[in-house]
Engineer: 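Take a look at this one; I'll ask things after.
Along the sequence shown, the residues carry numbers beginning at 1.
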Amino acid sequence: MRFSVRHFSLAVLLAGLAACSRSSSRLPTATTVVLAGSTSVQPFAERWAEVYAGAGGSDHVTVQAGGSTAGIRAAREGTAQLGMSSRALDAEEAAELQVVTVARDGIAVIVHATNPLRALSLAQLRAIYTGQIRSWRALGGADVPITVITREEGSGTRDAFEHLVLTDGQTIDVRALVTAYSGGLRKMVAEDPQAIGYVTFSQVDDRVRALAIEGVVPSEVTIASGQYRLQRPFLFVSRGEVTGAARRFLDFVLSPRGQQIARDEGLAPVSLTP
């Protein structure tokens, strides 16, 4: 009799476990989502991941830096579910990967708040940063030297600026002052009436003024629409269709709440893109 009861109990237990297994298979399972790539996208991805976890997301999101090219490679090789890139993909990369724009970032060219200059053409900006224009007089201002300030080598913002402003073979003038932080660059411009520099759009405040480039002032709308020329897409890339935990996180990033986070952090949300 005890043998039969024992087997009956075991059968009930196994049936219960099977039922639980079938039930749990219909629920999202907690897994790790790996993002890798652009150092420019990294802090925003970390913010998305932080809010996602706080909102009760069942998945653990890990964000790793390394640069856009490294992120694209990680997605191609499958070592990351989502690669992060702050540059457009080339034809070979685009042929192998799915690409989703998650936000847009603008690079603002800033001067001291008292500087009378309001706008520059790309050609004038290029001439300033390559050392061909060295005085404000050439731009209609006083006959005083321009203090040219740039970010350090390896900065994602500098890489984007060089790609968008300079032509092949050109480099930033070696006489330009170099700083490692956007906040430090903004402070230098705010304290020097003759200075010019560039920062990510989120760094612009009332201590400095952003110039119009090719007649367009940087704003959330002009960056999102592409009217403002010094802008770059923030991309998530994947090998094939995004599914499972990575899909849940991507959906959060593209949701109204995720896009509001982008806006709060100084990015242009993709919802504004025509």
Engineer: Could you give me the CA-CA distance, side-chain angles and deciding distance for I149 and T179, then say whether side chain to side chain contact (heavy atoms under 4.5 Å, CB included) is met?
Structural biologist: CA-CA 8 Å; I149 308 175; T179 181; 4.3 Å; yes
Engineer: Hey, is the main chain of T32 close enough, under 3.5 Å, to the side chain of Q81 for a donor-acceptor pair?
Structural biologist: yes
Engineer: Please examine the side chains of V109 and V165, heavy atoms only from C-beta on, and report whether any two atoms are closer than 4.5 Å.
Structural biologist: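 No - every pair of side-chain heavy atoms lies 4.5 Å or more apart.
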Engineer: Quick one, R118 and R209 - any side-chain contact, counting heavy atoms below 4.5 Å?
Structural biologist: yes
Engineer: Verify the cluster assignment for L164 and L235: are they in a single hydrophobic cluster under the rule of side-chain heavy atoms below 4.5 Å apart?
Structural biologist: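 In one cluster: no.
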Engineer: Which of these passes side chain to side chain contact (heavy atoms under 4.5 Å, CB included) with R232: S86, S85, S38?
Structural biologist: S86
Engineer: Assess whether atom CD of E77 is packed by more than 12 heavy atoms of other residues, nucleotides or ligands within 6.0 Å.
Structural biologist: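 Yes, enclosed.
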Engineer: Under the 3.5 angstrom rule, does the side chain of S225 hit a backbone N or O of Q227 as a donor-acceptor pair?
Structural biologist: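 Yes.
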Engineer: Give the cluster check for V204 versus V217: same hydrophobic cluster or not, with ILVMFWY residues linked at side-chain heavy-atom distances below 4.5 Å.
Structural biologist: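 Each belongs to a different hydrophobic cluster.
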Engineer: If the test is side chain to side chain contact (heavy atoms under 4.5 Å, CB included), which one of L97, V242, V100 qualifies with V237?
Structural biologist: L97
Engineer: Do you reckon M84 sits in the same ILVMFWY cluster as L89, going by side-chain contacts under 4.5 Å, direct or chained?
Structural biologist: no
Engineer: Evaluate salt bridge (Lys or Arg N to Asp or Glu O under 4.0 Å) for E191 paired with R186, printing each intermediate quantity in order.
Structural biologist: CA-CA 9 Å; E191 294 176 351; R186 180 186 58 197; over 6 Å; no
Engineer: Before giving the answer on side chain to side chain contact (heavy atoms under 4.5 Å, CB included), spell out for Q231 and D105 the whole-Å C-alpha distance, their side-chain angles and the decisive distance to 0.1 Å.
Structural biologist: CA-CA 6 Å; Q231 56 89 19; D105 180 40; over 6 Å; no
Engineer: Check step by step if side chain to side chain contact (heavy atoms under 4.5 Å, CB included) holds for Y181 and K187.
Structural biologist: CA-CA 10 Å; Y181 303 101; K187 184 175 186 292; over 6 Å; no
Engineer: For E241, does its backbone N or O pair with a side-chain atom of S238 as donor and acceptor, under 3.5 Å?
Structural biologist: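 Answer holds: no.
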Engineer: Go through F161 and T150 one step at a time and tell me if the side chain to side chain contact (heavy atoms under 4.5 Å, CB included) criterion holds.
Structural biologist: CA-CA 10 Å; F161 180 85; T150 187; 5.7 Å; no
Engineer: If two hydrophobic side chains count as joined below 4.5 Å and joins carry through other members, does V178 share a cluster with I107?
Structural biologist: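 Looking at the clustering, I107 is in a separate group from V178.
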Engineer: Just wondering, do F252 and V51 contact through their side chains at under 4.5 Å, heavy atoms?
Structural biologist: yes
Engineer: Should D192 and H112 count as side-chain neighbours, where that means a heavy-atom distance under 4.5 Å?
Structural biologist: no
Engineer: Are R87 and E93 ion-paired here, with the side-chain N under 4.0 Å from a carboxylate O?
Structural biologist: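 Yes, charged N to carboxylate O under 4.0 Å.
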Engineer: Applying the side chain to side chain contact (heavy atoms under 4.5 Å, CB included) criterion to V253, which one of Y52, F234, F236 satisfies it?
Structural biologist: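 Result: among Y52, F234, F236, F236 is the only option passing the side chain to side chain contact (heavy atoms under 4.5 Å, CB included) with V253.
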Engineer: Any sub-3.5 Å donor-acceptor pair from Y129's side-chain atoms to A176's backbone N or O?
Structural biologist: no
Engineer: Could you tell me if the side chain of D264 sits less than 4.5 Å from the side chain of Q260, heavy atoms only?
Structural biologist: yes
Engineer: Counting distance only, does the side-chain N/O of E265 pair as donor-acceptor with the main-chain N or O of A262 below 3.5 Å?
Structural biologist: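 No, E265 side chain to A262 backbone: no donor-acceptor pair under 3.5 Å.
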Engineer: Side chains of I128 and V148, heavy atoms from C-beta outward: is any pair under 4.5 Å?
Structural biologist: yes
Engineer: Do you know the tightest heavy-atom contact between Y228 and A108?
Structural biologist: OH-CA, 3.7 Å
Engineer: Hey, are the side chains of I196 and L120 touching, using non-hydrogen atoms and a 4.5 Å cut-off?
Structural biologist: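 Yes, at least one pair of side-chain atoms sits under 4.5 Å.
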Engineer: Is there side-chain contact between T79 and V34, with at least one heavy-atom pair below 4.5 Å?
Structural biologist: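 Sidechains of V34 and T79: no contact.
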Engineer: Ion pair present between R239 and E96, side-chain N to carboxylate O less than 4.0 angstrom?
Structural biologist: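 Looking at E96 together with R239, the answer is no, because their closest N to O distance does not fall below 4.0 Å.
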Engineer: Is there a donor-acceptor pair under 3.5 Å between the side chain of R126 and the backbone N or O of L166?
Structural biologist: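 No; judged by distance alone, with no hydrogens or angles, the pair does not exist.
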